[in-house]
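Atom set for the values below is all heavy atoms of this structure, side chains included, hydrogens, waters and symmetry mates excluded. Given the structure is predicted, the values throughout are model-derived calculations rather than measurements.
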Amino acid sequence: MKTLEMMIQTLCQAGRCPEETIRSSVKETGKPAVGCFPLFIPEELVYAAGFLPVGLWGGISSFQKSNQYIQSFACSIMRANLELGLSGKYDMLKAALIPSQCDTLKCVCENFKVAVPKVPVIGVTIPNNRTIQAAHGQLLDEFDYLSQALEQVQTADCRPMPLEEAFAVYEEYRAVMMEFINTVPDYLTTISPKVRHLILKAAWFMDKKYYTAQMRELLDALKARPKEDFTGKKFLVTGIMLDAEPVLELLEELGVAVVDDLLCHESMQFRTPTRAGGTVESKLAYRFLDLKGASPLYEPRKPRGELLAQLARERGADGVLFCLMKFCDPEAFDHPLVKKDLAAQGIPLLSIEHDQLVESTEQLRTRIQGFLEINLS
């Protein structure tokens with residue numbers, strides 16, 4: 001019988017080793033893999049087409065070949081994706097879906113076609129103005145196009161299913177993940193910042209049905225234990241992503257726990273409620289249209305600061321860690337607005353600029369220590 005520690009170790013290893021996990025998932029499910037670029041891809045369409053959707057969020061890498069195709073001041077996620085593609089790491093993919101949610105993604109969609117010709121590219125056109133009814137209709141048309149494009153790259157290994165069935169798999173996944181997110185604050189010693197991140201990250205490389213089953217098992221084992229008394233400081237984390245183990249280890253070392261997040265890479269993938277009624281396609285469209293707090297998405301009245309303030313009150317958070325992805329203009333534009341909204345609520349904010357090439361955390365150590373002493377002592 002697996003212990004809780006064994007379950008955590010298995011999922012952390014899956015999150016830490018993407019290529020190994022994807023290959024294992026392909027072998028386990030018999031499904032060919034299709035890559036999904038950030039930020040928000042309708043994975044249910046890929047799943048219904050008989051593929052294994054996997055996340056392409058870069059990774060710690062040295063940039064050598066990618067500089068031929070993308071500027072050095074582009075975000076490290078896109079540079080890393082091109083670097084990994086050029087090195088042959090993505091040759092296993094039957095296709096790559098690339099959305100148009102920021103200026104860099106729009107460029108990468110075309111650059112990837114030339115840089116990585118072995119992997120067919122399927123562009124995903126997302127409506128910019130999500131506040132008008134026409135956006136819903138555009139998404140429905142786009143879903144039809146994506147389904148047809150995925151049919152063109154299907155192989156004999158694909159076992160298509162009705163979209164309703166695929167949507168049900170993802171709805172169960174989202175429900176279990178929200179249960180996990182709501183449970184974590186009671187077990188902040190066992191679920192450290194790094195453990196929490198790696199468990200969530202593992203979902204990008206596994207079949208959601210298999211992953212959900214493992215998460216249910218983990219949750220049952222976790223809830224069977226007494227709630228933990230955590231005496232350190234509790235942070236919310238926001239931004240595009242915080243995929244840097246040295247930083248997460250530093251937080252734990254300094255007695256900081258992550259009680260929740262508004263990260264595009266983590267809980268923002270599943271925390272938006274699904275509307276009742278309507279077709280599955282309509283529900284899928286509204287899931288995107290109802291998203292709030294992601295900087296690359298058009299929102300006339302930026303709500304992230306208010307959302308973080310409300311979440312901080314609900315979780316009893318001591319402060320917010322804003323992870324500003326280096327060279328990400330949408331995040332830079334959002335930052336002063338979030339800072340202003342949180343200051344008005346009296347919630348301390350620590351902002352760090354980072355990318356996926358974290359080599360030293362000593363300067364960051366000093367900043368976090370100073371923040372804790374000045375704002376939270």
Start with the C-alpha distance between Arg304 and Leu337, add both sets of side-chain angles, then the distance that settles side chain to side chain contact (heavy atoms under 4.5 Å, CB included), and finish with yes or no.
CA-CA 8 Å; Arg304 184 159 36 149; Leu337 302 176; over 6 Å; no
Carefully, step by step, assess Cys75 and Lys326 under the rule side chain to side chain contact (heavy atoms under 4.5 Å, CB included).
CA-CA 6 Å; Cys75 81; Lys326 191 176 292 185; over 6 Å; no
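A donor-acceptor pair under 3.5 Å is formed between the side chain of Arg130 and the backbone N or O of Phe288. For the pair Asn81 (side chain) and Gly58 (backbone), a donor-acceptor distance under 3.5 Å is present. Counting only distance, with no hydrogens or angles, the side chain of Thr238 and the backbone of Leu262 share a donor-acceptor pair below 3.5 Å. Asp260 contributes no side-chain N or O that, together with a main-chain N or O of Leu236, makes up a donor-acceptor pair within less than 3.5 Å. Under the 3.5 Å distance criterion, the side-chain polar atoms of Ser25 are matched with a main-chain donor or acceptor of Phe205. Between the side chain of Glu44 and the main chain of Phe167, no donor-acceptor pair closer than 3.5 Å is present. With hydrogens and angles ignored, the 3.5 Å screen pairs a side-chain donor or acceptor of Gln269 with a backbone N or O of Cys264. For Gln101 (side chain) and Phe40 (main-chain N/O), a donor-acceptor pair under 3.5 Å exists by modelled atom type. Judged by distance alone, with hydrogens and angles left aside, the side-chain atoms of Gln345 form no donor-acceptor pair with the main-chain N or O of Ala309 at under 3.5 Å.
The CD1 atom of Ile77 sits 8.5 Å away from the CG atom of Asp243 when rounded to the nearest 0.5 Å.
In the hydrophobic clustering of ILVMFWY residues, with side-chain heavy atoms under 4.5 Å counting as a link, Leu297 and Met241 come out together.
Taking the six-membered ring where the residue is Trp, His197 and His265 present tilted rings, their angle falling between 30° and 60°. Between Phe37 and Phe112, the ring planes lie perpendicular to each other; the angle is over 60°, past the 30° to 60° tilted range.
Annotation: cation-pi pair Lys208/Tyr173 present, NZ/CZ under 6.0 Å from the ring centroid and within 45° of its normal.
Under the 4.0 Å criterion applied to side-chain N and carboxylate O atoms, Asp157 and Lys31 are not assigned as salt-bridge partners. Of the charged side-chain nitrogens involved, at least one lies within less than 4.0 Å of a carboxylate oxygen, so that Lys89 and Glu19 count as a salt-bridged pair.
Side-chain contact check for Glu228 and Thr190: at least one donor-acceptor pair (N or O, by modelled atom type) lies under 3.5 Å. Side-chain polar atoms of Ser295 and Glu331 form a donor-acceptor pair below 3.5 angstrom.
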